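Please read the structure below before turning to the comments.
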Amino acid sequence: MFVACHLFLGLVLGLAFAGRLDDRRLIGFSALGAVLPPDLIDKPVGHLILAGSLNSGRLFGHGLLFLMLLTVAGITLYRRHESIALLAVAAGALSHQILDAMWAIPPVTWYFPLLGPYEPYEFTDYFGGAIFAEVSSLSEWIFLAASAGIALAACRSSGSGISRFAAALVRVSVPLLGILALVSLLAWAAGSPESILMAGAGPEDYLLLAVVAAVGGVVGAIRHRDYLYAG
């Protein structure tokens, strides 16, 4: 999955935490966990610093060890200060690993160091290819619009111009997410190859797109819209 999809699911998980605990900051913490360690740290380290040896963007932040350490730290923080900030970060990181199906592609990274060292890969102009894949995937633009609406609405008070813009983004994004879920589900059922929905996608990717769009988008945005625009 690409960055906007991960970010969107992290924001929706944050909405669930924030709606139950009445703390909007958890939206940001969950979104941070969904993108920072796995993509904004692993990929520069793996594809730039370690390009001559590993050249892999799935390293420590994509593994169970990192997730376990983050969870233990989160539990410790909660017991000492009654804050679930780090647990929200851990939930975001877990959502990223699930969307990337880390147990299957291959599982060496997910179980590191139990199954041996990281496996090296070969990429030519990884970041150029990744950027092209992002901007050419229609699903990413839909997730990005929905993410912007959620983030802006959560950060601004009601009645402001930015809040009205955020509300408009969410209202437009929700039906688009519903359409994306339906089309992705049909593409999965038909076993369709790569399409404009997502560059390099296979049938399993379409199923994940459908789940994220339907559950995360429609249910999450509608259920929590009153919370987002309250005061």
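Just so you know, these numbers come straight off a predicted model, no measurement behind them.
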Between Arg58 and Ile105, does the side chain to side chain contact (heavy atoms under 4.5 Å, CB included) criterion hold? Intermediate values first, please.
CA-CA 10 Å; Arg58 290 175 172 173; Ile105 51 170; 2.7 Å; yes

When rounded to the nearest 0.5 angstrom, what is the spacing between [atom1] in [X] and [atom2] in [Y]?
X      : Y      : atom1 : atom2 : value
Ser137 : Ile142 : OG    : CD1   : 11.0 Å
Phe2   : Leu209 : CZ    : CG    : 9.5 Å
Leu11  : Leu26  : CG    : CG    : 12.5 Å
Leu65  : Trp110 : CG    : CH2   : 12.5 Å
Leu50  : Asn55  : CG    : CG    : 9.5 Å

[X] versus [Y], closest heavy-atom pair with distance:
X      : Y      : value
Ala93  : Phe66  : CB-CE2, 4.1 Å
Val108 : Pro117 : CG1-O, 3.2 Å
Tyr78  : Ile84  : CD1-CG2, 3.5 Å
Ser136 : Ala199 : OG-CB, 3.9 Å
Ser173 : Ala145 : OG-C, 3.6 Å
Gly74  : Leu86  : CA-CB, 3.5 Å

Any sub-3.5 Å donor-acceptor pair from [X]'s side-chain atoms to [Y]'s backbone N or O?
X      : Y      : value
Ser95  : Gly92  : yes
His96  : Gly33  : no
Ser195 : Leu197 : yes
Ser83  : Leu77  : no
Ser30  : Gly10  : yes
His47  : Gly57  : yes
Glu140 : Met198 : no
Asp100 : Met102 : no

Salt bridge (charged side-chain N to carboxylate O under 4.0 Å, His left out) partners of residues 127-139, not counting sequence neighbours, each pair once
none

Can you confirm whether Leu59 sits close enough to Thr109 that some side-chain heavy atom of one is under 4.5 Å from a side-chain heavy atom of the other?
no

Student check: side-chain heavy atoms of Phe8 and Ile150 closer than 4.5 Å
yes

If Ile, Leu, Val, Met, Phe, Trp and Tyr residues are connected whenever their side-chain heavy atoms lie under 4.5 Å apart, and connections chain through other members, are [X] and [Y] in the same group?
X      : Y      : value
Leu207 : Leu9   : yes
Leu67  : Leu115 : yes
Ile75  : Leu70  : yes
Leu144 : Ile27  : no
Leu13  : Leu7   : no

Passes side chain to side chain contact (heavy atoms under 4.5 Å, CB included), Leu177 versus Phe143? Steps please.
CA-CA 8 Å; Leu177 286 164; Phe143 287 132; 3.8 Å; yes

Stepwise side chain to side chain contact (heavy atoms under 4.5 Å, CB included) test for Phe60 and Val45
CA-CA 10 Å; Phe60 187 67; Val45 169; over 6 Å; no

For the residue pair Phe112 and Tyr118, does the interplanar ring angle fall in the parallel (under 30°), tilted (30 to 60°) or perpendicular (over 60°) class?
parallel

Got more than 12 heavy atoms from elsewhere within 6.0 Å of OH, Tyr121?
yes

If you draw a 6.0 Å radius around CH2 in Trp188, do more than 12 non-hydrogen atoms from other residues or ligands fall strictly inside?
no

Worked verdict on Val135 versus Trp141 for side chain to side chain contact (heavy atoms under 4.5 Å, CB included):
CA-CA 8 Å; Val135 300; Trp141 292 100; 4.2 Å; yes

In chain order, what residues pass the salt bridge (Lys or Arg N to Asp or Glu O under 4.0 Å) check against Asp39, with sequence neighbours excluded?
Lys43

